[in-house]
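Since the structure is predicted, the reported quantities are computational estimates derived from the model, not experimental observations. A note on names: the letters A, B, ... follow the listed sequences, proteins ahead of strands, and every chain is numbered from 1.
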Amino acid sequence: MVLSIDANSTHDPLTEPVLAEHRPVLFRYALLQLRDYDLADDLVQETLLAAWQSLANFEGKAQLRTWLIGILKHKIADHWRRSAREVYTSDFELVDGEDGEVDEEAFFTCNGHWNGGPTTWNDPEAALKQQEFWAIYEICHNNLPPKMARVFMLRELVGLEALEVCQETGLSETNYWVTMHRARLRLRECLEIRWFNRIKQEKSDA
Amino acid sequence: MRNCREITALVSQGLDRKLSFGERIAVNLHVMICSRCRNFQNQSWFLRKAAQRYTESLQNRLSKKSPND
């Protein structure tokens, strides 16, 4: 169970194009937190500029992207401070309660068989094209315990590698696997109840 | 024999790391006979796709809204 990262960038000379390769990931990271396109764009631009100016401080042993995200995080934190938003919580403050434990028990019986369990979804591709589906998707994502939601977001929405997510959140590898397993169990159940079962119901009523 | 809980844990891990040969065999044999785990597998792939689409559409939505508003 060893995670590996595609580490080609660490061996390349650090040129502007090498930095710019990370722009899409940085941008998604900023956008998902700020929900403001121009602001996200500005902060990513500032991040790349700051990185470019302080390349001397970059210790090759840190992953380049981890380093860049570190800079971006500071920019975002500065922004929240300036705009006096008190809702900002640092990663370290996110602790999920026993909640996660309890719900995995609920998905399976004590000998590991499904308790209920996934039904077949009718045409999931079609859901992706519907506005209402995305509203449900957001609700289901927001229903996850905060730390679980953040881990899932960093992996699936921002697109970080699993190992990078562990570094970002301070999770051990084992906890990462458990967290992602639970997040997927929860999300799929929520979508099933709130979307796919309702679609089935409407079809059979019609 | 691994149970459904263990198989779905492997299916989930399979999205983030390359499973060993033995693990892949175990998952493939299991999902052949267990429709609920097969559904879980398909739905986990779907969740990945949905997450990517969501982020794309968020970018589009916010970029259209932002000029001078």
Side-chain angles (χ1 to χ4, degrees), chain A residues 1-4 24 27-28 31-32 34-41 104 107-109 111-121 124-125 127-129 131 133-134 137-138 141 152-153 155-159 161-163 165 173 176-178 180-185 187-189 191-192 196, chain B:
Chain A
M1 297 230 291
V2 176
L3 288 167
S4 64
F27 182 70
R28 289 197 292 273
L31 188 70
L32 284 160
L34 299 162
R35 304 267 155 175
D36 180 323
Y37 194 92
D38 292 337
L39 181 61
D41 200 38
E104 203 183 347
F107 288 124
F108 299 97
T109 63
N111 52 9
H113 294 296
W114 284 104
N115 204 352
T119 61
T120 307
W121 291 353
E125 288 297 315
L128 298 174
K129 299 192 189 89
Q131 208 94 79
F133 172 77
W134 293 114
Y137 180 87
E138 275 187 349
H141 189 269
F152 187 84
M153 180 197 85
R155 176 70 187 110
E156 300 288 347
L157 283 80
V158 176
E161 301 286 339
L163 186 60
V165 178
E173 217 178 294
Y176 170 83
W177 300 125
V178 172
M180 287 298 285
H181 185 207
R182 286 177 185 163
R184 287 174 175 132
L185 285 166
L187 271 176
R188 66 124 240 112
E189 181 177 73
L191 292 177
E192 182 163 298
F196 291 99
Chain B
M1 277 290 279
R2 290 182 169 93
N3 61 37
C4 296
R5 185 185 186 139
E6 292 160 334
I7 290 294
T8 55
L10 283 180
V11 165
S12 180
Q13 290 182 25
L15 283 155
D16 291 337
R17 70 174 173 91
K18 194 165 166 29
L19 298 181
S20 73
F21 183 69
E23 288 170 333
R24 269 177 290 153
I25 297 282
V27 168
N28 289 342
L29 287 178
H30 186 104
V31 299
M32 272 202 299
I33 53 165
C34 174
S35 65
R36 288 186 281 190
C37 286
R38 191 161 62 240
N39 286 336
F40 178 82
Q41 186 178 48
N42 288 329
Q43 291 162 12
S44 296
W45 292 334
F46 173 79
L47 286 176
R48 169 153 294 175
K49 191 169 178 179
Q52 286 161 0
R53 288 289 177 81
Y54 174 78
T55 316
E56 283 164 22
S57 75
L58 184 70
Q59 294 190 17
N60 289 334
R61 210 162 71 215
L62 293 173
S63 72
K64 275 177 202 142
K65 223 169 56 182
S66 61
N68 314 317
D69 65 5

Under the side chain to side chain contact (heavy atoms under 4.5 Å, CB included) rule, what do B:Gln59 and A:Phe27 come out as? Steps first, then yes or no, please. CA-CA 9 Å; B:Gln59 294 190 17; A:Phe27 182 70; 3.9 Å; yes
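- Put simply, CD on B:Glu56 and CZ on A:Arg28 are 8.5 Å apart, with the number rounded to the nearest 0.5 Å.
- Between B:Thr8 and A:Phe108 the shortest side-chain heavy-atom distance falls below 4.5 Å.
- Nearest heavy-atom pair, B:Phe40 versus A:Leu185, reported as atom, atom and distance to 0.1 Å: CE1-CD2, 3.5 Å.
- Across B:Ala51 and A:Leu157, no two heavy atoms sit closer than the pair CB-CD1, 3.8 Å.
- Contact detail for B:Arg5 and A:His181: the closest heavy-atom pair is O-CE1, 3.5 Å.
- Inter-residue side-chain proximity for B:Arg53 and A:Lys129 is flagged as unmet; no heavy-atom pair is nearer than 4.5 Å.
- In terms of non-hydrogen atom pairs under 4.5 Å with chain B, the most contact-rich of A:Gly116, A:Gly117, A:Ala127 is A:Gly116.
- Note on A:His113, A:Met180, A:Glu138: by heavy-atom pairs under 4.5 Å with chain B, the leading option is A:Glu138.
- Note that SG of B:Cys4 and CZ of A:Phe107 are 14.0 Å apart. Values are rounded to the nearest 0.5 Å.
- Interface remark: of the candidates B:Val11, B:Leu19, B:Ile7, B:Asn39, B:Asn39 forms the most heavy-atom pairs closer than 4.5 Å to chain A.
- The shortest non-hydrogen separation linking B:Ser12 to A:Arg184 is OG-NH1, 2.8 Å.
- Listed for the B:Gln52 side chain is no donor-acceptor partner under 3.5 Å among the backbone atoms of A:Gly159.
- Side-chain contact between B:Lys49 and A:Glu125 is present, with at least one heavy-atom pair separated by less than 4.5 Å.
- Minimum heavy-atom separation, B:Ala50 to A:Tyr137: CB-CE1, 4.0 Å.
- Heavy-atom pairs under 4.5 Å with chain B peak, among A:Leu128, A:Val158, A:Val165, at A:Leu128.
- Of the possible donor and acceptor atoms, none in the side chain of A:Arg188 sits under 3.5 Å from a partner among the backbone N and O of B:Gln41.
- Ring geometry for A:Phe196 versus B:Phe46: interplanar angle over 60°, hence perpendicular rather than tilted (30 to 60°).
- The OH atom of A:Tyr176 sits 3.5 Å away from atom CG of B:Asp16, with the distance rounded to the nearest 0.5 Å.
- At a 4.5 Å heavy-atom cutoff, A:Asp41 makes no contact with chain B through either its backbone or its side chain.
- The two residues A:Leu191 and B:Leu47 come nearest to each other via the heavy atoms CD1-CD2, 3.6 Å.
- In this structure, B:Gln43 CD and A:Leu187 CG are separated by 11.5 Å, a value rounded to the nearest 0.5 Å.
- For chain B, no part of A:Leu39 is nearby; none of its heavy atoms comes within less than 4.5 Å.
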Dump the intermediate steps for side chain to side chain contact (heavy atoms under 4.5 Å, CB included) on A:Leu32 and B:Leu58, then the final yes or no. CA-CA 8 Å; A:Leu32 284 160; B:Leu58 184 70; 3.7 Å; yes
